[in-house]
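Read through the structure below, which is laid out as structure tokens, and then see the notes.
Atoms considered below: every heavy atom in the structure, side chains included; atoms not considered: hydrogens, waters and symmetry mates. So that the names make sense, note that chain A is the first sequence line, chain B the second, and so on, each numbered from 1. Given the structure is predicted, the values throughout are model-derived calculations rather than measurements.
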Number of protein chains: 2
Amino acid sequence: MGRRSPGTPTLEEVAALAGVGRGTVSRVINNAAGVRASTRRAVQRAIAELGYVPNLAARSLAGHRADAVALVMTEPDWRLFGEPFFTEIVHAVGDALTDTPVQLLLTLVRTDAERQRLVEYARGGRVDGVLLMSVHAEDPLPDMLAKAGLPTVMLGRRSGDESVTYVDADNAGGARGAVTHLLNGGRGTIGAITGPLDMYVAQCRLRGYREALEQAGRAVRDSLVVEGDDFTEESGRRAMTELIARHPGIDAVFAASDTLAAGALSALRATGRRVPQDVAVIGFDDFHPARPAEPPLTTVRQPLGEIGRTMVRLLLEEMEDSPVAWRHVILRTELVLRESA
Amino acid sequence: MGRRSPGTPTLEEVAALAGVGRGTVSRVINNAAGVRASTRRAVQRAIAELGYVPNLAARSLAGHRADAVALVMTEPDWRLFGEPFFTEIVHAVGDALTDTPVQLLLTLVRTDAERQRLVEYARGGRVDGVLLMSVHAEDPLPDMLAKAGLPTVMLGRRSGDESVTYVDADNAGGARGAVTHLLNGGRGTIGAITGPLDMYVAQCRLRGYREALEQAGRAVRDSLVVEGDDFTEESGRRAMTELIARHPGIDAVFAASDTLAAGALSALRATGRRVPQDVAVIGFDDFHPARPAEPPLTTVRQPLGEIGRTMVRLLLEEMEDSPVAWRHVILRTELVLRESA
DNA sequence: TTGAAAGCGCTAACAC
DNA sequence: GTGTTAGCGCTTTCAA
């Protein structure tokens, strides 16, 4: 496989042609200071003449770094790729890496064998750090990477005491803001459609709902909370139907995702209720596979670009410093109104 | 950045612990023949004890190969990721690589700078070959890679005399089959909605339409062919409206993609025509960003798994052999009926 | 079947 | 400023 073409020029040949030592050529291609401008030009001319490109394996071996990071997607996330959430994150990560010599590599992990291969790839020194897109509590990958001492940053967290460095949106705060907005709008009976509560993100959003009510001195009624089996529209529809049955006079709903909210919307419309006049609906602008056919009018917007950039910043820091303690960043969300009411 | 943890064991330490030479350890980790079973076990024990993982940079440098290939997506393809087309291809590629030591790396290329970086990454020896998902005629990347002598395989082709190795579906044949099916079904007036004809794939599909009519001894009427500005539903709708205006009695349509077909469908329904009773619609199951809200009932299905596997096969062959001439493979499509009529 | 030795092409430390 | 040198950790002959 892929034997290097015989004619590939080496740094040594560049040095010979330019009439300088190897060290000088190395300094030039690495933009290191301390090279006379005229010398630098001579070297660059030789590089251009020979069509020289550095051998990255040699550079890694000698330099102890790969100048590459992996962005890992585990199976359930694949479909996210087409979603705005995902592309925004990847764009942001790519942009943040643009001015560095670091190459972004996406890898897909489906099986344990692939998990293992990725860890060996990283431990083998082909990447300097790993960005994790997924937050599945059962996934052993984050811990495998952490145990191997590899700089790792996760998007979101798996629990309240996450042990791997992560960047997360302020899910509780966002939910709190959404519900407070509903309260300020004069809504009296506010239901909640949560995601599956074995996911930390769902717990946080539910907590925000509760806190907003408590802060306003309202009672938190269990009958106003329905847990979705997942984050799909179908779950949202079912949950909304249940809420209407329990509380026919319900006039607002906070849903834990945009897809759940879209499901709620369709269930409401089916009963003839007008949105948002009769019932207001707010959901998170989220990253779940099924993009809602009809998004809710008001959403809690996550700062995706900032999340991506922050992940890169933390990763680069962990790559530079010697092993630091894990850290985390929680970024504020924003309430975006697309309704007039 | 990422200095290798000081404690990382090397092959030499494994050899010392196992009481053998370095060459022997190398043979063991590479599953090379000619090592006594007992020796092999001893080495494996030492590997396990030390938690040894090969340094991939050193291996690449000495072995002249990276054991990795890149699958490149250029900007317009991003949204494809969520589409069945894309995930099927990636799955197939991943599966085909499973039993090899080759790691699959996805890279996103947006700008010329990123294009350049990718080429240097590949020329630098970090990947042994490149798989290209996109077939944009203006994209200089395929030629940059070919010029650099890097094994490269494209999905689809940019023109009739493509100079880079590629794997493509039999677009003309698929279109021919679809139109022949319509003719056999007794349809008399068959329209065609093409994609933008500056794309080779669109030309091929139009050619198939023409050939089928000619083979059946039917006249090919220009007024029955409408070119879509792109592959979107909106274009399909516009084209269908135009066709109906020109030929109110039209009773079948071949569209160059599933999205165009979906657009045609919606335009037909808007006029009260029944599908497929009044008008039959066939499109290609395609890979365009906008997934149709309503797919056509009969489609030309592309052999995605086989395309992905074939791309890998060709790439691996190009990686093994010395520079071979470019080759291509055209894979048959399949007509899938989801209608009863 | 195994060990020893010669690189692979680069970076970085150290001289000058 | 610039040249020289000593590795980085592995694969791969070549002997034994």
Side-chain angles (χ1 to χ4, degrees), chain A residues 1-43 46-47 50-67 101 120 123-126 128, chain B residues 1-43 46-47 50-67 101 120 123-126 128:
Chain A
M1 272 188 219
R3 68 297 81 194
R4 207 168 157 85
S5 321
T8 307
T10 69
L11 177 146
E12 180 138 30
E13 299 173 45
V14 173
L17 178 59
V20 302
R22 295 176 359 187
T24 302
V25 177
S26 179
R27 281 171 206 124
V28 170
I29 63 180
N30 290 296
N31 279 316
V35 179
R36 193 180 300 145
S38 60
T39 309
R40 186 179 295 272
R41 271 196 304 277
V43 170
I47 287 175
L50 261 31
Y52 169 74
V53 173
N55 177 318
L56 265 19
R59 173 175 285 175
S60 284
L61 185 56
H64 304 283
R65 64 212 167 73
D67 280 339
E120 282 172 14
R123 285 237 289 154
R126 295 298 273 264
D128 300 317
Chain B
M1 275 189 217
R3 69 295 79 185
R4 206 167 158 83
S5 322
T8 306
T10 70
L11 176 146
E12 180 138 28
E13 300 173 45
V14 173
L17 178 59
V20 302
R22 296 174 2 187
T24 302
V25 177
S26 178
R27 282 170 207 124
V28 171
I29 61 180
N30 289 297
N31 279 316
V35 180
R36 194 179 299 145
S38 60
T39 309
R40 187 178 295 272
R41 271 196 303 278
V43 171
I47 288 174
L50 261 32
Y52 169 73
V53 173
N55 177 318
L56 265 18
R59 171 174 287 178
S60 283
L61 184 56
H64 304 284
R65 64 212 166 70
D67 280 338
E120 282 172 14
R123 286 235 292 154
R126 294 299 274 262
D128 301 316

Discussion item. In whole Å, I'd like the distance from the CZ atom of A:Arg126 to the P atom of D:dG9.
Written reply: 16 Å
Discussion item. With a 4.0 Å limit, can you tell me whether B:Arg22 has a side-chain N or O closer than that to the phosphate oxygens OP1/OP2 of C:dG3?
Written reply: no
Practice prompt. Starting at atom CD of B:Glu12, determine the distance to atom P of D:dG7, rounded to an integer number of angstrom.
Written response: 13 Å
Worksheet entry | B:Arg41 CZ - C:dT1 C1' separation (whole Å) | 15 Å
Discussion item. Using OP1 and OP2 only, check whether a side-chain N or O of B:Arg59 sits under 4.0 Å from D:dT11.
Written reply: yes
Practice prompt. Find the bend of the helix from C:dT1-D:dA16 to C:dC16-D:dG1 as the angle between its two terminal axes (five pairs each), to the nearest 10°.
Written response: 30°
Worksheet item: Between the side chain of A:Arg27 and the main-chain N/O of A:Arg40, is any donor-acceptor distance below 3.5 Å?
Response: no
Discussion item. If I take atom OG1 from residue B:Thr8 and atom OH from residue B:Tyr52, how far apart are they, to the nearest 0.5 angstrom?
Written reply: 11.0 Å
Worksheet item: Can you find a heavy atom in the side chain of A:Val25 that is under 4.5 Å from one in the side chain of A:Val20?
Response: yes
Worksheet item: To the nearest Å, how far apart are B:Arg65 CZ and C:dC8 P?
Response: 17 Å
Worksheet item: Of the candidate nucleotides D:dG9, D:dG1, C:dT1, which contains the atom at the shortest distance from the side chain of A:Arg36?
Response: D:dG1
Without placing hydrogens or testing angles, list every side-chain donor-acceptor pair under 3.5 Å for residues 28-35 of chain B, not counting sequence neighbours.
unit_1, atom_1, unit_2, atom_2, d
B:Asn30, ND2, B:Ser26, O, 2.8
B:Asn30, ND2, B:Ser26, OG, 3.4

Discussion item. Can you measure A:Asn55 atom CG to C:dT11 atom P for me and round it to whole angstrom units?
Written reply: 10 Å
Fill in: Of residues 23-33 of chain A, the positions that come close to DNA chain C - non-hydrogen atoms, cut-off under 4.0 Å
A:Gly23, A:Ser26, A:Arg27, A:Ile29, A:Asn30
Worksheet item: Within the structure shown, what part of the strands sits under 4.0 Å from B:Thr39 by heavy-atom distance: base, sugar-phosphate, or nothing?
Response: sugar-phosphate
Practice prompt. Please state how far atom CG in A:Leu61 lies from atom C1' in D:dC10, giving the value in whole angstrom units.
Written response: 8 Å
Discussion item. Taking CD in B:Glu12 as the centre, count heavy atoms belonging to other residues, nucleotides or ligands within less than 6.0 Å. Is the count above 12?
Written reply: no
Response to the item:
Separation of D:dC8 atom P from A:Leu11 atom CG, nearest Å, is 19 Å
Discussion item. What's the separation between atom CD1 in B:Ile47 and atom CG in B:Leu11, rounded to the nearest 0.5 Å?
Written reply: 8.0 Å
Worksheet item: Toward the 5' end of DNA chain C, which comes first, B:Ala62 or B:Arg40, by nearest nucleotide?
Response: B:Arg40
